Number of protein chains: 2
Amino acid sequence: MPTIRDIAKAAGVSPASVSRVINNGPKVGAKTREKIKRIIREMEYQPNANAQAINMQNNASIGIVLADLTDPLFAKMAHGIEKVAAEQNLQIFLNSGAFDRASELDAIEVLLEHRYQALVVHSAMIDDKTLIDFARKVPGLVLLNRYIKEIEDRCIWLDDKLGGALMADHIVEKGHQKIAVIGVDGILNNTRYRLEGIKAQLNKYPVQFEVEMLEQGAATYEGGEVAVQNLLARGVEFSAILAYNDAIAIGATSMLKAHGLSVPKDVSVVGFNDLILAQCIKPKLTTIHNPIEEMAMKATKLALSLSKNSDLGEIESVADKHKYVPVLVQRHSVQEIS
Amino acid sequence: MPTIRDIAKAAGVSPASVSRVINNGPKVGAKTREKIKRIIREMEYQPNANAQAINMQNNASIGIVLADLTDPLFAKMAHGIEKVAAEQNLQIFLNSGAFDRASELDAIEVLLEHRYQALVVHSAMIDDKTLIDFARKVPGLVLLNRYIKEIEDRCIWLDDKLGGALMADHIVEKGHQKIAVIGVDGILNNTRYRLEGIKAQLNKYPVQFEVEMLEQGAATYEGGEVAVQNLLARGVEFSAILAYNDAIAIGATSMLKAHGLSVPKDVSVVGFNDLILAQCIKPKLTTIHNPIEEMAMKATKLALSLSKNSDLGEIESVADKHKYVPVLVQRHSVQEIS
DNA sequence: TTGAAAGCGATACCAG
DNA sequence: CTGGTATCGCTTTCAA
């Protein structure tokens with residue numbers, strides 16, 4: 001693999017000139033430039049990005065950490081990030097954490113060791129304190145889909161509480177009183193906030209939320225199945241289910257059917273996220289739209305601008321610009337009852 | 001950000017010793033080692049991976065290029081790669097191509113510039129010739145989900161022709177004669193091979209494949225919808241649909257329903273890939289299982305071993321180890337007719 | 001066991 | 001315009 005010096009030698013110039021050509025710098029004669037370009041092509045020279053990075057004291061591409069590649073929400077996030085990266089002609093380096101604290105930490109650390117200046121982090125398992133430390137240390141680090149008060153100007157998050165309230169509101173308005181909720185295990189705050197939203201909203205009506213109505217499990221199709229199975233096994237009565245996400249909702253639907261219960265006739269179901277999945281099944285799922293792609297784009301832009309210009313004081317209220325609002329999408333999995 | 005020299009100074013030793021400690025090298029006294037470690041922790045020193053890479057002439061992590069992050073198959077691939085990366089305690093750097101020749105090329109190029117030695121590439125838009133060139137140049141490059149004869153020892157692929165044959169076989173055995181096929185646009189060979197498999201198998205029966213039975217479109221849910229719409233609009237008669245993938249199959253199913261046609265009563269549908277999606281819908285989709293995760297794991301291991309040991313001659317027949325076989329999964333979207 | 005010093009591949013300043 | 005060269009942060013002989 002030829003180096004810049006090999007090229008220089010072959011072209012009969014100095015490495016300095018070659019470097020100028022590589023970086024489209026000025027101060028190179030037209031013929032010299034052409035000649036160097038030719039040699040570069042002929043020798044199939046490829047600049048060593050590591051050597052470049054070591055000099056420029058930074059890494060131009062943008063680094064991403066995602067909690068879990070198998071989460072379907074991931075595709076939308078990644079897509080959003082990709083969009084703005086493409087716009088700016090930047091590469092993205094993605095390092096996944098596989099839903100495990102140690103590997104999430106590892107992923108961030110590796111990105112830092114490579115000196116990426118703009119970091120978009122979607123962490124599910126790392127505690128607030130550690131993330132705050134990282135954020136303080138790295139000006140271009142932005143947290144996607146997570147809210148931490150102390151560094152809210154570095155977070156892009158969804159108003160999960162509102163999301164929960166939206167679900168509760170809708171289902172109560174449709175006349176439901178016995179409402180089961182399927183949440184997920186883990187330290188994610190999303191689930192906690194959504195639950196809070198649900199409870200708070202329910203309490204505004206003469207509908208109380210009882211703990212036995214809550215089932216926790218995995219955030220997957222299978223998780224939805226077992227949750228319903230447990231609910232049924234425990235003999236709790238319900239005419240509606242509010243699920244933590246679409247996959248759970250769909251798993252729940254399928255298990256209900258297996259038990260002879262039809263959706264929405266016998267049980268209404270509400271999902272969350274509004275992934276494409278929600279529109280593929282019958283009945284089409286009523287769910288909460290999660291603008292995660294926009295959020296990802298925003299996070300990326302923010303990380304990029306912070307990494308370049310760490311002292312650019314934000315004037316506007318952070319909450320206005322960084323908190324995104326979920327909206328209810330009515331489809332056919334909820335039925336009005338008397 | 002402290003450098004190795006800062007640490008050395010603070011510890012009153014030479015950078016050489018610090019380097020040895022960082023790399024768990026030998027030849028460092030126990031107390032010296034401890035002292036250095038302490039200082040490293042205190043000063044929050046993080047080695048500069050770029051500087052390391054420049055010296056070691058290579059990049060230990062493994063690089064991945066994926067054609068399109070939004071493809072659901074991607075999650076499974078990524079997961080497979082991730083699994084073996086985690087086993088070996090390696091990081092993965094993913095660079096996505098967004099289904100566009102230029103960005104796929106870019107993605108590979110960037111990875112090469114960073115001197116990643118092990119590369120797993122899932123390219124959909126780059127032509128054979130270019131990929132062959134890359135493969136010749138980079139010993140640790142492996143093509144996932146693609147077959148190129150000239151470099152078949154560097155490819156991990158699915159027997160798409162067999163996949164097509166499996167579909168055809170099953171549907172004909174169930175008594176179908178009028179069989180529509182939904183393929184996809186683009187230069188992917190998968191679709192071509194599957195189609196060949198379908199045709200070849202059909203021809204073994206007294207069932208001819210007619211061009212008007214073929215519809216091409218996007219490899220998505222929406223693609224399936226419009227394909228069915230076109231089929232119907234063109235007035236072609238069919239009792240079965242073989243789809244390029246599950247998403248298309250599901251989109252097709254939904255559009256059929258919209259036209260008052262029920263699956264599998266009026267029309268049988270067969271998908272491809274066997275993603276989780278296939279089991280979430282009603283009726284559960286009969287499809288071809290695609291062992292993409294295993295394939296991804298194999299590709300990763302291969303890339304890793306090639307990058308380390310480029311002259312390790314493979315003894316076994318490549319085709320036996322690199323060609324994966326699809327298998328039919330019968331569920332409920334196909335009905336026997338007389 | 002330790003340190004001095006020569007690279008690794010590229011950039012950029014300073015002369016010419 | 002062009003070239004020499006110090007430098008970036010780290011690894012790795014080679015001596016001591």
Side-chain angles (χ1 to χ4, degrees), chain A residues 1-40 43-61 91 109-117 138, chain B residues 1-40 43-61 109-117 137-138:
Chain A
M1 188 135 288
T3 76
I4 202 171
R5 256 179 282 269
D6 298 325
I7 304 298
K9 207 164 297 169
V13 300
S14 78
S17 295
V18 179
S19 175
R20 291 182 187 111
V21 171
I22 294 171
N23 302 296
N24 283 312
K27 310 187 183 187
V28 185
K31 339 118 172 287
T32 321
R33 186 179 300 261
E34 280 323 305
K35 183 171 185 184
I36 294 178
K37 276 192 176 170
R38 213 195 57 229
I39 307 266
I40 286 182
M43 303 185 62
E44 298 189 319
Y45 167 74
Q46 274 189 318
N48 183 320
N50 299 306
Q52 295 186 148
I54 210 186
N55 276 289
M56 324 239 273
Q57 299 286 39
N58 82 98
N59 204 318
S61 336
Q91 292 291 322
E109 221 102 68
V110 170
L111 254 9
L112 288 179
E113 285 175 4
H114 281 269
R115 301 296 187 264
Y116 287 88
Q117 310 277 290
V138 188
Chain B
M1 188 135 287
T3 76
I4 201 172
R5 256 181 282 269
D6 297 326
I7 304 297
K9 208 165 295 170
V13 300
S14 79
S17 295
V18 179
S19 175
R20 291 183 185 111
V21 170
I22 294 171
N23 302 296
N24 284 312
K27 310 186 180 188
V28 185
K31 339 103 180 292
T32 321
R33 185 179 300 261
E34 280 322 306
K35 183 171 186 186
I36 295 178
K37 276 192 176 170
R38 212 195 58 229
I39 307 266
I40 287 182
M43 303 184 62
E44 298 189 321
Y45 167 72
Q46 272 189 320
N48 183 321
N50 299 306
Q52 294 186 148
I54 211 189
N55 276 288
M56 323 239 270
Q57 299 287 40
N58 82 98
N59 205 319
S61 335
E109 220 101 67
V110 169
L111 255 9
L112 289 179
E113 285 175 4
H114 281 270
R115 301 296 187 266
Y116 287 88
Q117 309 279 292
K137 221 172 302 171
V138 188

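So you know, we letter chains A, B, ... as the sequences are listed, proteins then strands, and number each from 1. Every value quoted in this text rests on a predicted model; they were computed, and no experiment measured them.
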(message) In whole Å, I'd like the distance from the CD1 atom of B:Ile54 to the P atom of C:dA10.
(response) 8 Å
(message) To check you understand the geometry: which heavy-atom pair defines the closest contact between A:Ala8 and A:Pro15, and what is its length?
(response) CB-N, 3.5 Å
(message) Can you confirm whether B:Ile22 sits close enough to B:Ile40 that some side-chain heavy atom of one is under 4.5 Å from a side-chain heavy atom of the other?
(response) yes
(request) Applying side-chain contact (heavy atoms from CB on, under 4.5 Å), run through A:Arg5 and A:Lys9 and close with a yes or a no. (result) CA-CA 6 Å; A:Arg5 256 179 282 269; A:Lys9 207 164 297 169; 5.5 Å; no
(request) Might you point out which heavy atoms bring A:Arg20 and A:Lys27 nearest each other, and give the distance in Å? (result) CD-O, 3.8 Å
(request) Determine to 10° how strongly the helix from C:dT1-D:dA16 to C:dG16-D:dC1 is bent, judged from the axes of its five-pair ends. (result) 40°
(message) For a quick check of understanding: with a heavy-atom distance under 4.0 Å over all strands, which category does A:Thr3 fall into, base, sugar-phosphate or nothing?
(response) sugar-phosphate
(message) Quick check: do B:Glu113 and B:Glu109 have side-chain heavy atoms less than 4.5 Å from each other?
(response) yes
(request) Could you tell me which non-hydrogen atom of A:Pro47 sits nearest to which non-hydrogen atom of B:Arg115, and how far apart they are? (result) O-NH1, 3.6 Å
(message) So, using side-chain contact (heavy atoms from CB on, under 4.5 Å) as the criterion, who are the partners of B:Met43 when residues are at least two apart?
(response) B:Pro2, B:Asp6, B:Ile7, B:Ala10, B:Ile39
(message) I'd like the 5' and 3' limits of the part of DNA chain D contacted by chain A, with heavy-atom contacts below 4.0 Å.
(response) D:dC1 to D:dG9
Check nucleotides 2-6 of chain C for protein N or O atoms closer than 3.5 Å to its own N or O atoms and list the pairs.
| unit_1 | atom_1 | unit_2 | atom_2 | d |
| --- | --- | --- | --- | --- |
| C:dT2 | OP1 | B:Thr32 | OG1 | 2.5 |
| C:dT2 | OP2 | B:Gly29 | N | 2.5 |
| C:dT2 | OP2 | B:Thr32 | OG1 | 3.3 |
| C:dG3 | OP2 | B:Ser14 | N | 2.9 |
| C:dG3 | OP2 | B:Ser14 | OG | 3.4 |
| C:dG3 | OP2 | B:Ser17 | OG | 3.2 |
| C:dG3 | O6 | B:Arg20 | NH2 | 2.5 |

(message) In this structure, how many angstroms lie between the C1' atom of C:dA10 and the CD atom of B:Glu113, rounded?
(response) 13 Å
(message) Please enumerate all residues that pass side-chain contact (heavy atoms from CB on, under 4.5 Å) together with A:Asn55, with sequence neighbours excluded.
(response) none
(request) Whole angstrom is fine here: how far is it from CE in A:Met1 over to P in C:dC8? (result) 16 Å
(message) Could you work out, with side-chain contact (heavy atoms from CB on, under 4.5 Å) as the rule, every residue matching B:Ser19, not counting sequence neighbours?
(response) B:Ile4, B:Asn23
(request) Using a heavy-atom cut-off of under 4.0 Å over every strand shown, decide if A:Asn23 touches base, sugar-phosphate, or nothing. (result) sugar-phosphate
